[in-house]
Amino acid sequence: MDEQKPDSGVEKLQAKKLPIFWGLHAEPPKGLRWLLIIIPFVLLVALYLFASDYRHKRNPSDKLLPTVSKMADAVKRAAFEKNKRTGERQLWSDTWASMKRIGIGLGFSAICGLFLGLYLGLLPGIRNLLLPFITFVSIIPPLAILPILFIVFGVDELAKVVLIFFGTFPIITRDIYLSVKKIPREQIIKALTLGASQHAVVFRVITPQIIPKLIDTVRVNMGPAWLFLIASEAIAATSGLGYRIFLVRRYLAMDTIIPYVLWIVLIGLTIDNVLKMIIRYKFSWYLANKD
Amino acid sequence: MNGLENTSLLYLEDVYKIYGGHTVLDDIDLAVASGEIITLVGPSGCGKSTLLRLVLGQEFPTSGTLLIDGEFPGFPNSTRGIVYQKYSLFPHLTVLKNVTAGPELNLGFFERRQKKAELIEEAEHYLEKVRLAEHMYKYPHQLSGGMRQRVAIAQSLIMKPKILLMDEPFGALDPGTREDMQMFLLELWEEIGMTIFFVTHDLEEAVFIGSRILVLSQHYTDDRGNEDGVKRGAKIVYDHSLEKMASATSVKDKPEFSELIRHIRQQGFEPEYQQHVKDFDLKHHHSFRTINQPEYDPE
Ligand SMILES: Nc1ncnc2c1ncn2[C@@H]1O[C@H](COP(=O)(O)OP(=O)(O)OP(=O)(O)O)[C@@H](O)[C@H]1O
Ligand SMILES: [Mg+2]
């Protein structure tokens, strides 16, 4: 009967269920979506536990894939017991040292990047003066000048902060510059016709439109910032998450390294989400206008 | 000189705009009295927006004089308001903030806070005029196209510019909304009496809105000959005052209305219809031409 209707083809198509996982048209239902997210994590953990167990059966003192309880012990020692030599709780002093370096380095590069990006985007004179120079600087691989930084700024905090700054500042500047350039010329002319001074155009019309973009580019630059932080701590430091990982590597202390890496991931995720939240709640217009 | 340069709100004489050998505006003469709605039409790419940018101060004439209230106007400032087809509004500000933006940008940090209540009251007054009072806390992306343009108009008007420039402000709207906006603009004009310079490529819109219509066109001839070196730009080929008949959209259905449109289309939009410079249909009482030698050579 159904086949007799002229639109039965369409009905058939509608009746056909959409695939839930595979293909262009897949529409995973809500429960499945969560399940899908968890699967890779569960697999990784299961694989680890299995491999660790296997190795420990053959050699109870295996160091390469420590058991969960061994890692928990290491975490307890690092996080809650005072180090006998320094009198500090290692995990927290390491975290504080690293965060300070990233905060100062990335903070400075965000501020400089914002101002420079604004000027490059809005002032043709400054653009002429500095854009080629910034492009030149941005192509220097930051790690290649790390020795120079250590020589010039010493092996203390300054060199590490400067490395993070150097590694992120050209990218932030270029990002801000490009999004300032993308603001339609009409907006600037409009502001002038409303009686804005040049100063007001830069700081009261364009800057507020750029702030969420700055937060976005800082988010993206967290990755490189960690890279430069850990690289510089690995080479010369007396504290820091990267320093610790490279220090205990000598004793094959995987029971410390693995929790430290997970800790770094957790910090990174938290910062990323906080920044995302700020954009979502403070700059809803930004998300709506982003294509 | 003819006295008009002192009495006109906007005065252009012998204005040329040449982009690297490509003449766009070719000897424009124009005097505009205050309180008019000037509509400027012409074929696509003839230079309407270019002329508007010159009045705005975003660009300057290659040669010639352009005066506003008898003075060289310089870079864009609050003497001229502008409403674009898009991007007129600041995306990061609410409707209310978009309208108070003008007065606020002219105040320092502390004055802004002191006068806050006053500014909001003034903005509300303009938002009521454009019938958007109930949407003041929305962001531009939450408004329809027509609403956005009304905010843009309020945003400009609050600065009380000597002249409000509009470059195809309704060009992106659907026909129904567009007609509503035309009516709306006319009502607002009758109420406030501001001077408007309205660029459009829609002839019907130009005739409906304008109290004076200008046609800019490159389809004409003159005595410069047709050798290779001669590159003509657009001139004002038609300039009439329009009776502002009862401003209801029903006038668009009248035979006179369509007859006038047919006539203007022929004068400005048909490439085959080439009038000589000396015969341009410039009937408006402020219309004037300073004919230059090579263009019109009676010998
Ligand atoms: N900055 C510029 N440099 C070079 N040529 C330009 C520039 N601005 C405009 N032109 C040229 O001037 C001519 C007129 O441009 P304009 O935008 O004023 O036309 P229009 O009448 O507004 O057209 P439309 O109806 O499409 O908006 C075009 O041929 C354009 O290519
Ligand atoms: Mg145009």
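No hydrogens, no waters, no symmetry mates; every other heavy atom, side chains included, goes into these values. Lettering of chains follows the sequences in order, A, B, ..., and the numbering in each one begins at 1.
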Taking side chain as everything from C-beta outward and backbone as N, CA, C, O, which of these in [X] sits under 4.5 Å from a heavy atom of chain A? Side chain, backbone, both or neither.
X: Leu107(B); value: backbone
X: Gln155(B); value: both
X: Tyr139(B); value: side chain
X: Phe90(B); value: both
X: Ile158(B); value: neither

Nearest heavy-atom neighbours spanning [X] and [Y]:
X: Trp285(A); Y: His141(B); result: CA-CE1, 3.6 Å
X: Leu105(B); Y: Ala196(A); result: CD1-CB, 3.9 Å
X: Asn289(A); Y: Pro91(B); result: ND2-CB, 3.5 Å
X: Arg204(A); Y: His92(B); result: O-NE2, 4.4 Å
X: Gln187(A); Y: Tyr87(B); result: NE2-O, 3.0 Å

Could you check whether any side-chain heavy atom of Met159(B) comes within less than 4.5 Å of a side-chain heavy atom of Thr193(A), counting everything from C-beta outward? no
Can you find a heavy atom in the side chain of Lys86(B) that is under 4.5 Å from one in the side chain of Pro184(A)? no
For chain B, the option from Pro212(A), Ala200(A), Pro208(A), Ser284(A) that forms the most heavy-atom pairs under 4.5 Å: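 Looking at each of Pro212(A), Ala200(A), Pro208(A), Ser284(A) in turn, Pro208(A) comes out on top.
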Flag if over 12 foreign heavy atoms under 6.0 Å of [atom1], [X]:
X: Phe184(B); atom1: CZ; result: yes
X: Phe115(A); atom1: CZ; result: no
X: Glu134(B); atom1: CD; result: yes
X: Glu27(A); atom1: CD; result: no
X: Arg53(B); atom1: CZ; result: yes

Distance in Å, [X] [atom1] paired with [Y] [atom2], rounded so as to fall on 0.5 Å steps:
X: Leu192(A); Y: Ser78(B); atom1: CG; atom2: OG; value: 10.0 Å
X: Gln198(A); Y: Phe75(B); atom1: CD; atom2: CZ; value: 8.0 Å
X: Leu89(B); Y: Glu186(A); atom1: CG; atom2: CD; value: 12.0 Å
X: Leu56(B); Y: Ile189(A); atom1: CG; atom2: CD1; value: 6.0 Å

Residue selection (most heavy-atom pairs with chain A, distance under 4.5 Å) from Ser88(B), Ala101(B), Gly57(B), Gly81(B):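 Looking at each of Ser88(B), Ala101(B), Gly57(B), Gly81(B) in turn, Ser88(B) comes out on top.
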Below 4.5 Å from any heavy atom of chain B, which atoms of Val201(A) appear? Answer side chain, backbone, both or neither.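 Contact with chain B is absent: no heavy atom of Val201(A) under 4.5 Å.
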Any donor-acceptor N/O pair, Asn106(B) side chain to Leu194(A) backbone, under 3.5 Å: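 Answer holds: yes.
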Give the intermediate values and the outcome of side-chain contact (heavy atoms from CB on, under 4.5 Å) for residues Gln58(B) and Arg185(A). CA-CA 10 Å; Gln58(B) 187 177 347; Arg185(A) 178 109 192 116; 3.9 Å; yes
